[in-house]
*Asks:* 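Below are the C-alpha cells for one structure; questions will follow.
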Amino acid sequence: GAVVSQHPSRVICKSGTSVKIECRSLDFQATTMFWYRQFPKQSLMLMATSNEGSKATYEQGVEKDKFLINHASLTLSTLTVTSAHPEDSSFYICSARSDPSNYGYTFGSGTRLTVV
Amino acid sequence: GDSVTQMEGPVTLSEEAFLTINCTYTATGYPSLFWYVQYPGEGLQLLLKATKADDKGSNKGFEATYRKETTSFHLEKGSVQVSDSAVYFCALSDPLGGNNRLAFGKGNQVVVIP
C-alpha cells in the first residue's frame with residue numbers, strides 16, 4: 001500500500017535555530033501534500049497545502065515566513081520551522097493524497113519537535 | 001463549511017465491551033467519510049472509509065455505516081481489546097467543496113482496561 005515516510009521522528013533544537021522536516025511518498029507520486037500540527041490531546045490543525053512546483057497555500061493564522069514549505073518534486077515536501085521558539089514545540093504530521101480516485105490519504109508517522 | 005463533530009470526552013471501557021463513537025458531519029456536497037486511528041507518538045492510520053450513502057466500511061472488527069439521512073458515520077466494535085486503546089478521528093473529504101483537504105473531528109481517546 002501507499003507509504004509516506006516522515007523524518008525525523010523526533011528533534012530537539014535550540015531557540016533561534018531552524019529545523020527541517022521531510023515527507024516523502026515512497027511508492028506513489030503526490031502532487032499535493034498537507035502539513036498538520038497537533039497539540040497534546042487535540043485534533044489535527046491544517047497548516048498548509050503543498051503543491052508540487054508551486055507555492056504552498058497556508059491556512060489563516062499560519063505564518064508563511066516562519067513555516068517554509070517546499071514541494072520540489074512529486075515525492076518530496078519539506079517543512080522548515082525557522083527561528084524556532086518554545087511555542088513552536090508540537091507534533092507535526094504530513095499527509096498525501098495516495099489515491100485520488102478513491103479519496104485515499106496516507107499520513108506520515110509524525111515529527112515531535114521540542115524547542116529548548 | 002464542511003465540519004465533523006465527535007462526541008465529547010474520552011471513552012473508557014473494559015476488554016470485550018461494545019464500543020460506539022458517534023460522529024456527525026456537515027458538508028456542502030457528497031463527502032467521503034473516514035475513521036483514522038492514532039496510537040501514542042505516531043501518525044494517523046486509516047481504519048476504514050465509506051464513499052457513498054449506505055456504504056459500510058469495516059476493518060479489524062470495526063464498522064461504520066454512511067448514513068446520509070442522519071449525516072452520521074458512527075464507529076462500532078463489538079468486543080474491544082486492550083490493543084484498541086488509541087485516539088480515533090472521524091474525518092470527511094468533500095471534493096465538491098472545491099478542495100482536497102480532510103476535515104477532522106476533535107478525536108476521542110479510547111482506553112480499554114484489561
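Scope of the values below: all heavy atoms of this structure, side chains included, with no hydrogens, waters or symmetry mates. Throughout, a chain's letter reflects where its sequence line sits, starting with A, and its residues are numbered from 1.
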*Asks:* Side chain, backbone, both or neither: which part of Gln38(A) has a non-hydrogen atom closer than 4.5 Å to chain B?
*Replies:* side chain

*Asks:* With rounding to the nearest 0.5 angstrom, report the OH to OG distance, Tyr39(B) to Ser109(A).
*Replies:*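 Tyr39(B) atom OH to Ser109(A) atom OG measures 15.0 Å (nearest 0.5 Å).
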
*Asks:* Examine Phe34(B) and Val87(B) and state if one hydrophobic cluster contains both, with Ile, Leu, Val, Met, Phe, Trp and Tyr joined whenever side-chain heavy atoms are less than 4.5 Å apart.
*Replies:* yes

*Asks:* Is there a path of hydrophobic side-chain contacts, each under 4.5 Å between heavy atoms, that joins Leu44(B) and Ile21(B)?
*Replies:* no

*Asks:* Of the non-hydrogen atoms in Gln42(A) and Phe89(B), which two are nearest, and what is the gap between them?
*Replies:* O-CZ, 4.1 Å

*Asks:* Taking all atoms of both residues into account, what is the closest heavy-atom pair of Phe107(A) and Leu102(B), and its distance?
*Replies:*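 Minimum heavy-atom separation between Phe107(A) and Leu102(B): CZ-CD1, 3.8 Å.
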
*Asks:* Given the rule that I, L, V, M, F, W and Y join up when any side-chain heavy atoms are under 4.5 Å apart, are Tyr36(A) and Tyr58(A) in one cluster?
*Replies:* no

*Asks:* Do any of residues 77-94 of chain A come closer than 4.5 Å to chain B, heavy atom to heavy atom, and if so which ones, in number order?
*Replies:* Phe91(A), Ile93(A)

*Asks:* If you count the non-hydrogen atoms of other residues, nucleotides and ligands that lie under 6.0 Å from NZ in Lys55(A), is the total more than 12?
*Replies:*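 Atom NZ in Lys55(A) is not packed in, count stays at 12 or less.
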
*Asks:* Is it the case that over 12 heavy atoms from other parts of the model lie below 6.0 angstrom from the CD atom of Glu69(B)?
*Replies:*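 Yes, CD of Glu69(B) has more than 12 neighbouring heavy atoms, counting only those of other groups under 6.0 Å.
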
*Asks:* Using the rule that two of Ile, Leu, Val, Met, Phe, Trp, Tyr join whenever any of their side-chain heavy atoms come within less than 4.5 Å, decide whether Leu92(B) and Leu48(B) are in one cluster.
*Replies:*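 Yes, because Leu92(B) and Leu48(B) connect within a single hydrophobic cluster, where side-chain heavy atoms sit under 4.5 Å apart.
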
*Asks:* Any side-chain heavy atom of Leu46(B) within less than 4.5 Å of one from Thr106(A)?
*Replies:* no

*Asks:* Within residues 104-114 of chain B, which residues come under 4.5 Å of chain A, heavy atom to heavy atom?
*Replies:* Phe104(B), Gly105(B), Lys106(B)

*Asks:* Should Leu33(B) and Met7(B) be regarded as members of a common hydrophobic cluster, given that ILVMFWY residues are connected when their side-chain heavy atoms come within less than 4.5 Å of each other, either directly or indirectly?
*Replies:* yes

*Asks:* Is it the side chain or the backbone of Gln45(B) that comes within 4.5 Å of chain A heavy atoms, both, or neither?
*Replies:* neither

